[in-house]
Engineer: 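What follows is a structure written as structure tokens; I'll ask about it next.
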Amino acid sequence: MVIYFTGTGNSRFAAEKIAEITGDKLYDSALSLKDGTPMSFEDEDTLVFVCPIYVSTLPEPFERLIRRSTFKKNAKAYFFVTYAGSIGAAGRFSRNICKDKDLMYMGTTGVIMPQNYIAYFAMKTEEENRKIVETSLKDIQAAGEIIKLGQPFADCEDKISHYFIAKLSMPLFNRFYVNTKKFHVTDECIGCGKCARVCPLGNITMKDKIPVWGDKCTHCMGCINLCPKEAVEFGKSSLGKPRYHGPSV
Ligand SMILES: Cc1cc2nc3c(=O)[nH]c(=O)nc-3n(C[C@H](O)[C@H](O)[C@H](O)COP(=O)(O)O)c2cc1C
Ligand code: SF4
Ligand code: SF4
């Protein structure tokens with residue numbers, strides 16, 4: 001079973017490619033996150049968790065969902081992450097999850113994919129992003145082949161400093177950066193509801209054809225990047241920046 005979390009599609013893209021190679025089924029964690037039910041995969045011998053890196057670790061709602069879900073004891077667990085610059089401390093966090101959940105840790109690896117954090121970072125052009133996605137394919141396929149053979153990943157470099165940076169900065173990040181107060185829509189909004197549909201946490205509701213943000217957000221940047229009219233802004237920091245519309249090759 002390939003279980004993924006995604007904001008703007010990079011991790012779904014990787015998950016789909018891996019599942020194509022391994023012949024596994026795909027599961028979108030948003031189905032569980034939206035209604036708050038834990039996952040239950042007690043018959044699966046192999047689990048592949050695919051997600052983006054947020055602040056050098058796994059997205060908090062995804063990690064919490066894994067921790068309260070049920071899996072077969074000693075099932076093999078692989079972690080494949082997508083990130084814009086560094087894999088951070090993903091290995092250490094993933095290993096800890098496996099220890100606590102009685103899963104057999106098979107390693108963590110990942111690949112550079114386009115930056116989607118439009119709220120705080122510069123965004124690349126469509127052509128630059130297309131090249132990044134094209135380049136990522138080789139590493140995604142290699143990971144898929146290793147999983148298919150049932151072998152462990154050559155584990156990613158594990159810097160203890162990354163682990164402590166992630167541990168210390170995550171609470172600050174959640175408190176001071178992850179807020180929805182700055183999201184707003186411009187007159188370009190056509191009330192199509194796509195922002196509400198793509199939110200993996202079900203944090204957006206449509207009222208009189210206008211999106212309204214709740215307070216259950218993880219800053220995945222799906223709503224702001226995937227709006228077909230580019231009608232969502234985050235304060236002034238997203239003004240004039242190109243949106244990232246998800247992977248294409
Ligand atoms: C809230 C947030 C935090 C991020 N933190 C990091 C990070 O610490 N390191 C990094 O290399 N990329 C970081 N990124 C970039 C994403 O990991 C990257 O764009 C990822 O491929 C997005 O995947 P998705 O399309 O599946 O959501 C961050 C993005 C967001 C939205
Ligand atoms: S996706 Fe964009 S256009 Fe559609 S409802 Fe949301 S903000 Fe409006
Ligand atoms: S509200 Fe927007 S940024 Fe927050 S989790 Fe939902 S889609 Fe992602």
Side-chain angles (χ1 to χ4, degrees), residues 4-16 28-30 33-34 49-62 80-90 93 110-124 129 132-133 136 139-140 156 162-163 165-166 169-170 173-174 176-234 238 243-248:
Y4 69 88
F5 173 91
T6 191
T8 51
N10 290 345
S11 308
R12 178 174 51 240
F13 177 83
E16 282 170 354
D28 181 356
S29 65
L33 289 165
K34 280 183 183 180
F49 297 104
V50 185
C51 65
I53 287 293
Y54 289 176
V55 198
S56 294
T57 180
L58 315 187
E60 230 183 20
F62 190 50
F80 187 91
V81 291
T82 71
Y83 48 91
S86 157
I87 197 166
F93 282 95
V111 71
I112 289 194
M113 293 285 270
Q115 174 64 267
N116 70 349
Y117 206 179
I118 187 168
Y120 295 110
F121 288 86
M123 300 294 279
K124 291 196 157 55
N129 284 331
I132 295 172
V133 174
S136 75
D139 289 342
I140 298 171
C156 57
H162 280 154
Y163 177 74
I165 289 167
S169 52
M170 189 49 100
F173 169 71
N174 281 331
F176 296 110
Y177 288 82
V178 178
N179 62 61
T180 52
K181 289 191 188 82
K182 288 189 179 175
F183 283 120
H184 60 100
V185 277
T186 66
D187 291 345
E188 292 299 310
C189 175
I190 51 168
C192 68
K194 183 170 181 185
C195 48
R197 287 194 299 280
V198 298
C199 176
L201 302 183
N203 186 46
I204 300 173
T205 45
M206 297 298 292
K207 287 204 179 112
D208 301 325
K209 294 206 157 194
I210 301 283
V212 178
W213 280 262
D215 54 11
K216 202 177 83 172
C217 177
T218 191
H219 258 201
C220 78
M221 300 289 117
C223 52
I224 185 166
N225 277 303
L226 302 178
C227 166
K229 302 300 287 180
E230 305 194 352
V232 183
E233 299 287 357
F234 185 77
S238 58
R243 271 39 179 173
Y244 175 54
H245 294 289
S248 66

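For ligands, and for the atoms within them, numbers begin at 1 and follow the listed sequence. Since the model is a prediction, treat every value here as computed from it, not as a measurement. Side-chain atoms are counted along with the backbone in the values below, which use heavy atoms only and exclude waters and symmetry mates.
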Engineer: Nearest heavy-atom pair of Leu226 and Gly7: which atoms, and what distance?
Structural biologist: CD1-O, 3.8 Å
Engineer: Which of the atoms in ligand 3, numbered in the order shown and given with their element, are less than 4.0 Å from a heavy-atom of Met221?
Structural biologist: 3 (S), 8 (Fe)
Engineer: Check each atom of ligand 3 against the heavy atoms of Cys220 and keep those under 4.0 Å away; list them by number with element.
Structural biologist: 3 (S), 5 (S), 7 (S), 8 (Fe)
Engineer: Thr180: heavy atom below 4.0 Å from ligand 3, yes or no?
Structural biologist: no
Engineer: Is the side chain of Arg197 donor-acceptor paired with the backbone N or O of Cys192 at a distance under 3.5 Å, no angle test?
Structural biologist: yes
Engineer: Can you tell me if Asn10 and Tyr244 form a side-chain donor-acceptor pair at under 3.5 Å?
Structural biologist: yes
Engineer: Does a side-chain N-to-carboxylate-O contact under 4.0 Å join Glu233 and Arg243?
Structural biologist: yes
Engineer: Considering residues, nucleotides and ligands other than Tyr177, do more than 12 of their heavy atoms fall under 6.0 Å from its OH?
Structural biologist: no
Engineer: Can you see which heavy atom on Gly85 is nearest to which on Ile112, and at what distance?
Structural biologist: O-CD1, 4.0 Å
Engineer: State, with a plain yes or no, whether a side-chain heavy atom of Ser86 is found less than 4.5 Å away from one of Ile53.
Structural biologist: no
Engineer: Report, in ascending order of atom number, the atoms of ligand 3 lying under 4.0 Å from any heavy atom of Asn203.
Structural biologist: 1 (S)
Engineer: List, ordered by chain and residue number, the protein residues whose closest non-hydrogen atom lies under 4.0 Å from any atom of ligand 1.
Structural biologist: Thr6, Gly7, Thr8, Gly9, Asn10, Ser11, Pro52, Ile53, Tyr54, Val55, Ser56, Thr82, Tyr83, Ala84, Gly85, Ser86, Met113, Pro114, Gln115, Asn116, Tyr117, Phe173, His219, Met221
Engineer: Does either side chain, that of His219 or that of Tyr54, offer a donor lying less than 3.5 Å from an acceptor on the other one?
Structural biologist: no
Engineer: Take atom NZ of Lys216 as the centre, draw a 6.0 Å sphere, and report whether it contains more than 12 heavy atoms from other residues, nucleotides or ligands.
Structural biologist: yes
Engineer: Give the residues near ligand 2 by chain and number, with the criterion being a heavy-atom distance under 4.0 Å.
Structural biologist: Val185, Cys189, Ile190, Gly191, Cys192, Gly193, Lys194, Cys195, Met206, Pro211, Cys227, Pro228, Val232
Engineer: From the options Asn225, Thr82, Thr8, Thr6, select the one residue that forms a side chain to side chain donor-acceptor pair (under 3.5 Å) with Asn116.
Structural biologist: Thr8
Engineer: Can you give me the closest heavy-atom contact between Ala166 and Ser56, atom names plus distance?
Structural biologist: CB-CB, 3.9 Å
Engineer: Which is it for Lys216 and ligand 3 at heavy atoms under 4.0 Å: side chain, backbone, both or neither?
Structural biologist: neither
Engineer: Can you find a pair of side-chain heavy atoms, one from Phe183 and one from Ile224, that are under 4.5 Å apart?
Structural biologist: yes
